Amino acid sequence: MTEKFYETLYSRMAVPIVLARKYYQKLGIPDDSYIAIDDFENLEDFVAEVNKIANDKQLYLKYHKWRETYR
């Protein structure tokens, strides 16, 4: 993990995309704050989900819900 992840998460209001969820779970980062590629069976499913999130404001905002309670 690099500082770029935290920069994307905190100040850019973007949804980071990571390769493997297990590394970020160990650090206590909220599961619903990023997209992990290894959550999908194949690349086509991953791309479809990213496109879906990009085109659905409510779905996108769910990835920022953690900001209300995370410390």
Side-chain angles (χ1 to χ4, degrees):
M1 175 175 322
T2 68
E3 73 282 351
K4 292 173 186 74
F5 176 84
Y6 287 106
E7 180 71 22
T8 301
L9 193 63
Y10 288 114
S11 64
R12 293 188 184 153
M13 294 297 289
V15 179
I17 295 174
V18 302
L19 289 175
R21 183 171 298 279
K22 66 182 177 181
Y23 301 115
Y24 296 84
Q25 286 176 322
K26 291 179 185 177
L27 297 173
I29 297 169
D31 279 337
D32 57 351
S33 65
Y34 59 93
I35 300 168
I37 295 172
D38 68 339
D39 287 344
F40 301 90
E41 288 190 30
N42 56 56
L43 189 57
E44 291 80 19
D45 291 347
F46 164 72
V47 171
E49 184 67 15
V50 169
N51 285 329
K52 180 180 171 184
I53 293 165
N55 292 305
D56 183 332
K57 183 177 179 179
Q58 294 305 315
L59 189 54
Y60 172 77
L61 290 175
K62 286 175 67 176
Y63 284 90
H64 294 281
K65 191 80 173 154
W66 64 271
R67 295 176 187 278
E68 297 173 3
T69 57
Y70 186 75
R71 294 196 183 260

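Numbering of residues begins at 1 and proceeds along the displayed sequence. Treat the numbers as computed from the prediction; the structure is a model and nothing was measured.
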- Message: List the residues meeting side chain to side chain contact (heavy atoms under 4.5 Å, CB included) with L19, not counting sequence neighbours, and say none if there are none.
- Response: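 Here the qualifying residues are I37.
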
Looking at A36 and A20, what are the two nearest heavy atoms and their distance?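 The answer is CB-C, 4.4 Å.
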
Worksheet item: If every non-hydrogen atom of Y60 is compared with every non-hydrogen atom of I53, which pair is closest and at what distance?
Response: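 The pair with the smallest heavy-atom distance is CB-O, 3.7 Å.
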
Solution key, residues 42-52 side-chain donor-acceptor pairs under 3.5 Å, sequence neighbours excluded:
unit_1, atom_1, unit_2, atom_2, d
N42, OD1, E44, N, 3.1
N42, OD1, D45, N, 2.8
N51, ND2, V47, O, 3.3

query = Given D38 and Y23, is the side-chain contact (heavy atoms from CB on, under 4.5 Å) satisfied, shown in steps?
reply = CA-CA 11 Å; D38 68 339; Y23 301 115; over 6 Å; no

#### Entry: From L27 atom CG to K22 atom NZ, the distance as rounded to the nearest 0.5 Å
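It comes to 13.0 Å.
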
> How long is the span from the OH atom in Y63 to the CG atom in D32, to the nearest 0.5 Å?
Replying inline: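 Y63 atom OH to D32 atom CG measures 8.5 Å (nearest 0.5 Å).
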
Residues forming a salt bridge (Lys or Arg N to Asp or Glu O under 4.0 Å) with K65, sequence neighbours excluded
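Testing K65 for salt bridge (Lys or Arg N to Asp or Glu O under 4.0 Å), a comparison that skips the adjacent residues, returns E68.
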
Heavy-atom side-chain proximity of Q25 to D31 below 4.5 angstrom: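 Heavy-atom side-chain distance check passes, below 4.5 Å.
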
